[in-house]
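All remarks here apply to the structure that follows.
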Amino acid sequence: MNDSANGFAGALFFTLVAIGAFTGMEDVFGMATGAGGALIAAVCLRRALTLAEADREENIQRMEIQMQQMRRKLDAAAGATIEAMKSVTGTKDTTRDDLSAILSRLNMLDNLQVIAETQAAVGSAMKKIEDDTRDMNVLLKNILTTSEEIFSAVKPPAQVEDVPDKTADAISELSKTFSDETKNLAETFSGETKDLAEKISGEIKSLAEISETNKKFGQILKNPDFAKELARIGTATEKLNAKTYNSIDFRKSFDDIKQALEKLAKVGEEISRNNLAITAAVMKLTGAATNSAGELKEAGEKLSAGASEVSSVFEDVRRDLANLAANIDAYNGLTRATLDQYSDLTEQDVRLLEGIAEKIK
Amino acid sequence: MNGEKNFDAENFFGDKENRRLALEKMLAAVDKKYLNQENLKKQFLSERLSGKTGGIDIADKLDLVDALRNNIQTALDFGDFRRASRYFVTLYIFCENFFRKRDA
């Protein structure tokens with residue numbers, strides 16, 4: 001409402017009322033004057049109300065204009081908001097796609113866990129195979145040792161009748177051993193005799209050298225008689241010495257021969273003891289051979305069982321590896337398909353990009 | 001961009017190399033239009049003259065722009081064109097609102 005119009009109407013109205021009251025006329029003129037003043041006041045009041053109504057209408061129109069401007073601004077802001085919401089929707093779709101991809105990859109992780117468990121089972125089976133192989137190696141080594149002992153036996157016992165071929169081999173081996181021992185003894189004795197002869201020869205040579213020295217000594221004295229006597233004495237001494245030495249050396253050689261014979265007798269006794277020990281060893285080996293046959297049979301059965309178990313384990317391993325390869329192929333295929341599915345542009349993306357390209361030209 | 005067409009829809013339905021080139025070309029156009037030094041300086045002065053003290057600072061906004069650009073480049077390197085295009089749309093809308101509000 002217009003304030004000036006209101007003030008004017010109010011002042012005029014109260015002035016007329018004051019005039020009417022001031023005149024204080026109680027006759028018809030006074031009443032007419034009062035009625036006329038009231039009428040003028042009413043007209044002025046109506047005029048003021050009309051002006052106020054016009055102001056109000058103007059204000060309403062201004063407000064409508066402002067509302068229209070605000071609506072246009074809201075439309076402009078809504079356009080940007082819609083685009084932002086579309087972008088947010090696209091981001092939400094991307095997040096949902098990511099979650100789907102994560103879900104599929106979690107399934108793949110479950111497959112990988114199965115693969116890891118399979119690998120652990122394969123590792124356990126391989127460890128068991130290794131242990132079995134180690135046991136088989138020990139058993140084979142024992143069998144080899146026993147076999148070597150059997151085949152190195154020199155004489156089978158006479159009472160063992162079921163192994164004639166081994167008995168013959170053992171007798172032959174024992175004969176060879178006895179021959180070798182005899183040969184060694186003969187060589188030892190021959191060597192000692194030879195050493196003794198060389199020693200005697202060396203002594204004779206020494207005596208000859210002494211005689212030669214005496215001769216030279218006689219020549220130096222240049223006394224034929226003395227020299228002759230000395231020569232005679234020297235010859236006699238030489239002969240005597242030779243006899244003495246021969247006697248001593250013979251006795252010494254005799255002692256050596258006696259010692260060698262005693263040593264030979266000891267060797268013979270040792271050979272007899274060895275024969276007894278060999279006989280006992282052969283008897284023991286015969287028993288061991290019997291036991292070894294059982295062990296060989298048992299080992300063969302174990303080997304057969306181990307081989308079948310190894311074959312079974314390798315079959316399992318082969319099957320697990322085939323499953324692993326199939327799982328890896330499936331995983332690779334799914335990964336490729338997922339990437340192709342979620343990395344390509346959609347029609348909505350292309351439209352958005354086209355619109356932006358037009359704007360940033 | 002000097003009358004050159006920045007985006008060719010046929011390229012996006014062509015091979016992957018064409019899609020990558022087209023997106024990189026549009027990214028360069030956004031850089032040239034919005035993220036040049038003169039424009040950023042004007043934005044800085046505008047914010048200082050308007051006496052803004054609240055909200056995110058211009059440096060934070062530029063960090064956001066850098067993060068978006070890195071995401072776009074990473075997605076392009078991995079051949080993920082869908083993700084790259086959506087990050088690019090977000091970057092464009094951000095730049096458009098950010099600078100147009102000042103110029104209006």
Side-chain angles (χ1 to χ4, degrees), chain A residues 66 68-105 108 332-361, chain B residues 1-16 18-36 39 67-68 71-72 74-101 103-104:
Chain A
Q66 288 177 351
Q68 285 177 358
Q69 289 176 349
M70 282 179 64
R71 194 178 297 115
R72 280 196 295 274
K73 287 182 180 176
L74 280 174
D75 288 341
T81 307
I82 287 169
E83 288 182 350
M85 288 303 289
K86 284 179 181 175
S87 175
V88 170
T89 304
T91 307
K92 185 194 73 178
D93 292 341
T94 306
T95 306
R96 190 181 60 216
D97 296 344
D98 290 343
L99 287 175
S100 300
I102 288 168
L103 182 62
S104 64
R105 286 173 193 181
M108 291 304 103
N332 285 335
L334 191 58
T335 304
R336 278 195 297 275
T338 304
L339 283 177
D340 291 340
Q341 183 181 357
Y342 293 113
S343 67
D344 205 359
L345 293 173
T346 63
E347 290 289 333
Q348 184 186 2
D349 296 329
V350 173
R351 282 199 299 274
L352 274 173
L353 289 174
E354 284 175 345
I356 293 170
E358 289 298 324
K359 289 180 181 175
I360 62 176
K361 261 185 184 176
Chain B
M1 296 294 288
N2 298 328
E4 186 183 358
K5 198 170 184 181
N6 291 318
F7 175 76
D8 185 2
E10 291 179 358
N11 281 337
F12 275 88
F13 293 105
D15 59 6
K16 293 185 176 180
N18 282 336
R19 297 179 191 193
R20 191 176 66 79
L21 289 175
L23 274 171
E24 285 181 350
K25 198 181 287 184
M26 291 178 71
L27 196 57
V30 168
D31 280 350
K32 188 173 181 181
K33 184 173 181 180
Y34 295 111
L35 301 177
N36 55 66
N39 207 5
L68 283 171
N71 287 343
I72 291 168
T74 304
L76 286 178
D77 290 342
F78 279 97
D80 194 348
F81 298 108
R82 183 181 298 183
R83 193 184 303 269
S85 71
R86 291 179 183 179
Y87 279 128
F88 176 76
V89 170
T90 306
L91 174 66
Y92 169 74
I93 289 171
F94 176 77
C95 289
E96 184 72 14
N97 290 329
F98 185 46
F99 293 109
R100 191 177 61 184
K101 197 184 295 178
D103 296 335

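If you're wondering where the values come from, they're calculated on a predicted model, not measured in any experiment. Here is the naming used below: chain letters follow the sequence lines, and residue numbers restart at 1 for every chain.
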Using 0.5 Å steps for rounding, measure from the [atom1] atom of [X] to the [atom2] atom of [Y].
X	Y	atom1	atom2	result
B:Arg83	A:Asp349	CZ	CG	12.0 Å
A:Ile356	B:Met26	CD1	CE	5.5 Å
B:Arg86	A:Leu353	CZ	CG	10.5 Å

### Task
Take A:Lys86 and B:Val89 through the test side chain to side chain contact (heavy atoms under 4.5 Å, CB included) and record every step on the way to the result.
CA-CA 10 Å; A:Lys86 284 179 181 175; B:Val89 170; over 6 Å; no
### Task
Pick one of side chain, backbone, both or neither for B:Phe81, based on which atoms fall under 4.5 Å of a heavy atom in chain A.
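B:Phe81 touches chain A through backbone and side-chain heavy atoms alike.
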Mind listing the closest non-hydrogen atom pair of [X] and [Y] along with its distance?
X	Y	answer
A:Ser87	B:Thr90	OG-OG1, 2.9 Å
B:Lys33	A:Lys359	NZ-O, 3.1 Å
A:Ile360	B:Ala29	CD1-CB, 3.8 Å

### Which atoms of A:Asp97 approach chain B - backbone, side chain, both or neither, heavy atom under 4.5 Å
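Only the side chain of A:Asp97 comes within 4.5 Å of chain B.
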